[in-house]
Amino acid sequence: MTAVAQRPEPPIAVPPTASGRPVAYSRRVPGWWRDLVGVLTWGSMLVVVALWVGGGNLQDLSGWGTGLTAAGRLTGLVASDLLLIQVLLMARIPVVERVYGQDELARRHRLVGFWSFNLMWAHIVVVTLGYALQARTNLLAEAWDLVVDYPGILLAVAGALLLVVVTVTSIRKARRRLRYESWHLLHLYAYLGVGLALPHQLWAGQEFMSSTLSAVYWWTLWAAAAGAVLVWRLILPLYRTVTHRLRVVDVVRENDEVVSIVMTGRRLDRLPVAAGQFFVWRFLDGPGWTRGHPYSLSAAPTQDTLRITVKDLGDASRGLSHVRPGNRVAIEGPYGRLHDGVRVRRKVLLLAGGIGVTPLRGLLESLPREVGDVTLVYRASHEHDLVLRSEIEALAHARGARVFYAIGPRVADRHSWLPQAAADLSDVDALRQLVPGVTDHDVYLCGADGWMDAAERAVLAAGVPRDAIHLERFTW
Ligand SMILES: Cc1cc2nc3c(=O)[nH]c(=O)nc-3n(C[C@H](O)[C@H](O)[C@H](O)COP(=O)(O)OP(=O)(O)OC[C@H]3O[C@@H](n4cnc5c(N)ncnc54)[C@H](O)[C@@H]3O)c2cc1C
């Protein structure tokens with residue numbers, strides 16, 4: 001396969017761009033954590049249904065008016081529960097984040113969000129219909145009555161409208177038309193929407209008023225969601241930023257489009273970060289500091305340095321080439337599942353596409369010595385796009401790892417992880433040729449979305465079980 005070249009023994013010394021002793025922070029993720037998170041999520045919905053049944057709602061199902069009201073109440077309660085689960089999913093709770101990773105969390109958040117949104121509308125329509133039937137009035141008159149006479153309903157309507165804006169702008173077609181920053185800003189209105197929905201549940205919700213157990217459950221859930229956001233999205237990042245006082249010490253141009261930024265700070269050995277993870281970074285001494293952007297560590301973290309390597313893909317990433325030594329940096333994180341703690345086998349295959357090589361370069365450096373048979377396959381369109389190449393080769397040489405490059409344009413007539421020059425091979429055959437016994441490997445994957453999908457399909461088809469495949473997407 002001409003497009004895939006191996007570079008076995010480069011005459012280069014290991015070039016640690018970072019200095020100091022590497023930090024070996026264990027981020028092992030016990031398998032049962034995932035089960036626990038799942039059980040708690042489904043369990044919360046069971047509790048909601050049980051509380052609804054305990055509240056005597058089943059008896060109401062005997063009549064049309066009362067039945068619709070009771071059914072509408074249930075959809076509203078489940079919608080609220082899902083709304084709060086959505087908030088919890090994105091609250092950066094360490095256990096949850098470590099189990100799923102942020103790309104998977106964002107996907108689940110989206111799925112739960114659409115269910116919650118649909119149930120919220122079912123709640124609004126069905127409850128109004130139920131009340132109208134009981135009051136023997138028409139739907140519009142009843143809706144008006146509810147808004148003006150019932151406490152908290154007007155606020156809830158405002159909240160629902162905000163959630164409509166958030167949901168509509170999150171539909172893929174609409175989202176693609178918006179700048180990420182505009183979409184994200186709009187998305188933050190969801191918190192306001194959730195907050196505005198609370199009073200009607202407190203003041204008009206039968207569940208809150210009639211049962212202490214129910215009130216305790218809902219208060220606990222609301223407090224947990226608000227507390228989690230406060231602690232993990234605000235207080236902890238602020239604490240880490242203030243404690244570690246990161247500053248830029250070096251900016252290295254890797255090629256026309258890519259820069260590496262090395263930062264130093266205080267007591268970095270106490271930062272619970274592992275190679276392969278990422279932070280959301282804010283470079284404080286320049287324009288755009290209010291907007292955080294996620295970048296992976298491109299070298300293993302040490303007790304006094306962190307490094308990222310950034311490709312110019314838009315305004316913010318381009319702006320990083322203007323960052324200067326001395327610039328202060330705020331951090332949120334560390335996050336991400338591309339680290340040694342998720343590994344379940346001894347052998348490792350690192351599959352990198354383009355700038356997705358950054359976390360895998362860090363991993364290559366930090367995998368424990370007992371990890372045998374490390375292979376890195378690095379896919380790029382052109383040879384000059386192979387960033388951090390000399391470092392990778394030196395590290396591979398020092399560790400006895402194998403490196404293959406898959407260079408060239410995409411295969412024209414199918415979605416493939418291979419370059420056009422290797423199109424005569426199937427995706428799976430190419431993988432098996434490069435990495436004999438690939439099924440015995442843990443596979444770490446990072447790159448552009450379409451490429452990752454093709455590579456993941458090939459890895460699965462080659463027989464690697466899902467729990468041995470670890471991926472991080474650069475788009476959420
Ligand atoms: C977990 C993770 C790790 C990443 N690691 C690296 C890395 O090591 N090196 C690197 O070059 N790039 C990395 N990226 C991609 C990088 O974050 C985006 O390229 C960058 O944020 C683009 O911002 P922009 O303003 O330059 O471009 P824009 O034109 O504004 O955005 C381009 C695309 O980047 C994504 N994006 C923009 N801002 C954000 C944000 N705040 N959060 C999430 N996605 C955003 C959106 O999908 C958007 O469509 C990573 C992304 C993620 C999610």
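Read the numbers this way: they start at 1 and go in the same order the structure lists the ligands and their atoms. Numbers here are sequence positions counted from 1.
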*What atoms of ligand 1 come within less than 4.0 Å of a heavy atom belonging to I355?*
9 (N), 10 (C), 11 (O)
*Look at ligand 1 and say whether G336 reaches it with a heavy atom at a distance under 4.0 Å.*
no
*Under 30°, 30 to 60°, or over 60°: which ring-plane class applies to Y180 and W183, parallel, tilted or perpendicular?*
tilted
*Contacting atoms of ligand 1, where contact means under 4.0 angstrom from a heavy atom of F278*: 1 (C)
_Step-by-step side-chain hydrogen bond (donor to acceptor under 3.5 Å, both in side chains) determination, S170 to R175_ = CA-CA 5 Å; S170 295; R175 189 178 158 180; over 6 Å; no
_Backbone of R110 reached by a side-chain donor or acceptor of Q86 within 3.5 Å_ = no
*So is I308 in contact with ligand 1, going by heavy-atom distances below 4.0 Å?*
no
*Considering distance alone, does some N or O of T309 sit under 3.5 Å from an N or O of ligand 1?*
yes
*Are any of the heavy atoms in R473 under 4.0 Å away from ligand 1?*
yes
_Any donor-acceptor N/O pair, N255 side chain to H384 backbone, under 3.5 Å_ = yes
*Could you tell me whether V310 and ligand 1 have an N or O pair separated by under 3.5 Å?*
no
*Determine, considering heavy atoms only, which of F474, Y180, W281 sits nearest to atom 4 (C) of ligand 1.*
F474
*asked:* Check whether R92 reaches the backbone of A228 with its side chain - one donor and one acceptor, N or O, closer than 3.5 Å.
replied: no
*Within a distance under 4.0 Å of any heavy atom of K311, pick out the atoms of ligand 1 and give their elements.*
10 (C), 11 (O)
*Does Y295 have R307 sitting over its ring (NZ/CZ under 6.0 Å from centre, angle to axis within 45°)?*
no
_Among T358, L313, V259, which one puts a heavy atom closest to atom 29 (O) of ligand 1?_
L313
*Report the relative orientation of the aromatic rings in Y444 and H470; use parallel for angles under 30°, tilted for 30 to 60°, perpendicular for over 60°.*
tilted
*asked:* Can a donor-acceptor pair be found, under 3.5 Å and without considering hydrogens, that links the side chain of R318 to the backbone of E257?
replied: no
*At a 4.0 Å threshold, what atoms of ligand 1 neighbour a non-hydrogen atom of A316?*
24 (P), 25 (O), 26 (O)
*Between R345 (side chain) and T439 (backbone), is there a donor-acceptor pair under 3.5 Å?*
yes
*Under 4.0 Å from a heavy atom of G314: give me the atoms of ligand 1 that qualify, with their elements.*
24 (P), 26 (O), 27 (O), 29 (O)
*Heavy-atom contacts with S317 under 4.0 Å: which atoms of ligand 1 show up? List them by number with element.*
24 (P), 26 (O)
